[in-house]
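One-based numbering along the sequence shown.
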Amino acid sequence: MNRWKISVALILLMVAGRSYGQAGATGSVLGTVTDTSGAVVPGVRVTVTNVDTNVPFRTTTSSTGDYLAPVLNPGHYRVSAELKGFQRSVTSPFTLTVDQKFRV
């Protein structure tokens, strides 16, 4: 019985160590959506897409026009913003690295 408890404890420590090591291996994309006059635009649908995997992260701008796409894997991304009555905006692809906070 003692060996079983020790084995379980060792396995848990190994798993916890691997999880901890990967916790910081992400970046984030953030920004503020404004119109042509510079006024912030709330309620905009923002999509941050990994162009290598085509996996999207969708969010909506806050009342102050801000958005955040946290915990993204490093890679190549593009951002699009859409709101009825406005022209859709799409960025050129950019590279997101580990621990980076990329502002678009």
What's the spacing between [X] [atom1] and [Y] [atom2] if we round to 0.5 Å?
X      : Y     : atom1 : atom2 : value
Phe57  : Asn50 : CZ    : CG    : 13.5 Å
Phe102 : Thr97 : CZ    : OG1   : 9.5 Å
Tyr77  : Thr91 : OH    : OG1   : 12.5 Å
Asn73  : Thr53 : CG    : OG1   : 8.0 Å

Can you give me the closest heavy-atom contact between Ala25 and Pro74, atom names plus distance?
O-CD, 3.3 Å
Heavy-atom pair with the smallest gap, counting every atom of His76 and Asp52
ND1-OD2, 2.8 Å
May I ask whether Val46 and Phe86 are part of the same hydrophobic cluster, defined by side-chain heavy atoms of I, L, V, M, F, W, Y residues being less than 4.5 angstrom apart, directly or through others?
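Result: yes, single cluster for both.
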Check whether Val104 and Leu30 end up in the same hydrophobic cluster, where Ile, Leu, Val, Met, Phe, Trp and Tyr are linked by side-chain heavy atoms less than 4.5 Å apart.
no
Before accepting this row, confirm whether a basic side-chain N of the pair Arg45/Glu82 lies closer than 4.0 Å to the acidic partner's carboxylate O.
no
Quick check: do Ser80 and Arg88 have side-chain heavy atoms less than 4.5 Å from each other?
yes
Quick one: does Ser28's side chain get under 4.5 Å of Leu68's, heavy atoms only?
yes
Pairs under 3.5 angstrom only: tabulate donor-acceptor contacts from the side chains of residues 31-43 to other protein residues two or more places apart or in another chain.
{"unit_1": "Thr32", "atom_1": "OG1", "unit_2": "Asp66", "atom_2": "OD1", "d": "2.5"}
{"unit_1": "Asp35", "atom_1": "OD1", "unit_2": "Ser37", "atom_2": "N", "d": "3.0"}
{"unit_1": "Asp35", "atom_1": "OD1", "unit_2": "Ser37", "atom_2": "OG", "d": "2.7"}
{"unit_1": "Asp35", "atom_1": "OD1", "unit_2": "Gly38", "atom_2": "N", "d": "3.1"}
{"unit_1": "Asp35", "atom_1": "OD1", "unit_2": "Ala39", "atom_2": "N", "d": "3.0"}

Backbone of Val51 reached by a side-chain donor or acceptor of Thr49 within 3.5 Å:
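Not at all, since once roles are kept as given, no pair shorter than 3.5 Å links the two residues.
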Counting distance only, does the side-chain N/O of Thr47 pair as donor-acceptor with the main-chain N or O of Pro56 below 3.5 Å?
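Looks like no, no N/O pair under 3.5 Å.
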Applying side chain to side chain contact (heavy atoms under 4.5 Å, CB included) to Thr26 and Val98, what does each step give before you reach the verdict?
CA-CA 5 Å; Thr26 61; Val98 173; over 6 Å; no
Going through the distances and angles, do Val79 and Phe94 end up as a side chain to side chain contact (heavy atoms under 4.5 Å, CB included)?
CA-CA 9 Å; Val79 176; Phe94 57 89; 3.9 Å; yes
